[in-house]
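Below, chain A is the first sequence line, B the second, and so on; all start at residue 1.
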Protein chains: 2
Amino acid sequence: MSDMTFDHKECGSCPIRHRAVCARCEADELEELDAIKYYRSYEAGQPIVWSGDRMDFVASVVTGVASLSQAMEDGRTQMVGLLLPSDFLGRPGRDAAPYDVVAVSNLTLCCFRRKPFEQMMLRTPHVSQRLLEMTLDELDAAREWMLILGRKTAREKIASLLAIIARREASLELTTAGDGMDFELPLTREAMADYLGLTLETVSRQISALKRDGVITLEGKRKVVIPDFDRLQIETGDDTDGGLMI
Amino acid sequence: MSDMTFDHKECGSCPIRHRAVCARCEADELEELDAIKYYRSYEAGQPIVWSGDRMDFVASVVTGVASLSQAMEDGRTQMVGLLLPSDFLGRPGRDAAPYDVVAVSNLTLCCFRRKPFEQMMLRTPHVSQRLLEMTLDELDAAREWMLILGRKTAREKIASLLAIIARREASLELTTAGDGMDFELPLTREAMADYLGLTLETVSRQISALKRDGVITLEGKRKVVIPDFDRLQIETGDDTDGGLMI
DNA sequence: CTGGCGCATTGACCCAGATCAAGAATTGCG
DNA sequence: CGCAATTCTTGATCTGGGTCAATGCGCCAG
């Protein structure tokens, strides 16, 4: 784990984490946030915190992917959160991390020291209001995910995950060039299995099946092409009217 | 659905929903909440709102149990939230309900009209801070639940649900008379199945198995006695160190 | 008391996905 | 470039929980 320093200009070029923390911040509040923030980067596979560890920062994902997961003693693990760029990590007002947090790919976090951040929250109501909005969105995502875990078939699970990632990808890049989306899968088969409550073999088989049926195309093992997003959407088993943006 | 009126005194006798909404309210804020609140009661099985319906109130559960659930077109349904007394229902800042909400047992809600409630949130920061705390707790519960749905066996699922209800029950009554807890199951076998991502037959079989193995005792079909909570805890598959309070 | 209705239990059978076991394809590194 | 370590794919087999179907148990109405 290495500390990185971004100068002020560079920070200006990654507005994501400020927008994430506070969509309505005034200049002087941004200044205040700048004073308590620092960047940190992790390599793929590196743990960030273990469940129960003291966590003295909150953070916003700048680049890369991180996962939150819960493990049982016998090794079964379930991913319970997937953090993509602009997502918020950490929990104001709580000392210990409730989950294992791992960098899934190379990752850069924009961290804010927790205590001063909490004090700022008390003073500036729209920061906590913004955080409330984000948390409610996360709760919606978690509930969508519960439907996936509890009631969908393996094929529907895979299709749902691909659709979620594709939508996220599209919303960040804003390059929804018609249909024909494509993206790099940020997860290994094993991570996908942990996300979906499956085994990695089943994930692999179902991806092969979707490929065989022409729902997706693979370039290499990680690059996914979705020729017809509506077709993928049907495979998810969800109502056709779109569902929640995650 | 019938409107009920509670007089001010009776309202004073059910402090739950005020505490739930705002642990730190001052007298005049409570006054203000009183002005926009009304009680509403529902019978077991009655729908409260359907997914997509406009929802012009937020509420706090006074008595009874309600469920949030998501349904797929083909009838598969997954419960994604279980609201017990003191829990909060609704979502400031969102017009349409994202889930079906149903009264599982006879239910009384303490409702607040949404618009004035939202305005109050903007003015009194600790209301939104309290709501943020509650939402973060709900998110923790949802994530605990994701582990249950994704990775636990049917027996562990049932044990987990019983432990969750027993803990909730105990925390409200504050009558943890040593071990030997007992409580009335507020859910039908079908509702338990929807909670756990199982079928009602499997729920029934696993309850019978836990009874046969002496982990629980049944009096009638709904009254559960837990002679040894630690034993039940072991059956959940969780770490022994307690886990999250839900 | 009796029939009907809504839950709950139990049994018999089956299948989607887990498990176990080889390999194949990539990736990385000396 | 070659060898090892990862990561992924595919096959064979097994099994937990789903499905279908019958039966039991209260409970209320007549």
TODO: Please round to 10 degrees the angle between the axis of the first five pairs and the axis of the last five pairs in the helix from dC1(C)-dG30(D) to dG30(C)-dC1(D).
DONE: 30°

Task: Any R205(A) side-chain nitrogen or oxygen under 4.0 Å from OP1 or OP2 of dT9(D) - done: no

Task: dT6(D) OP1/OP2 closer than 4.0 Å to side-chain N/O of T188(A) - done: no

TODO: Ignoring backbone atoms, establish whether T202(B) has a side-chain N or O less than 4.0 Å from OP1 or OP2 of dG18(D).
DONE: yes

Task: Spacing between E190(A) atom CD and dA5(D) atom P, to the nearest angstrom - done: 18 Å

Task: Side-chain H-bond candidate by donor/acceptor type, S41(B) with T108(B), under 3.5 Å - done: no

Open item on the list: What is the distance, to the nearest angstrom, from the CG atom on D194(A) to the P atom on dC8(D)?
Closed with: 12 Å

TODO: Determine: side-chain N/O of T199(B) to OP1/OP2 of dG18(D), distance under 4.0 Å, yes or no.
DONE: yes

Task: Side-chain N or O of R222(A) closer than 4.0 Å to phosphate OP1/OP2 of dC8(D) - done: yes

Open item on the list: Rounding to an integer number of Å, can you tell me how far E43(B) CD sits from dG6(C) P?
Closed with: 16 Å

TODO: Rounded to the nearest angstrom, tell me the gap between atom NZ in K157(B) and atom P in dG17(D).
DONE: 8 Å

Open item on the list: We want to know whether S160(A) and K152(A) form a side-chain donor-acceptor pair, criterion being a heavy-atom distance below 3.5 angstrom.
Closed with: yes

Open item on the list: Just so I know, are the side chains of D194(B) and Q78(B) near enough to count as touching, which here means a heavy-atom distance under 4.5 Å?
Closed with: no

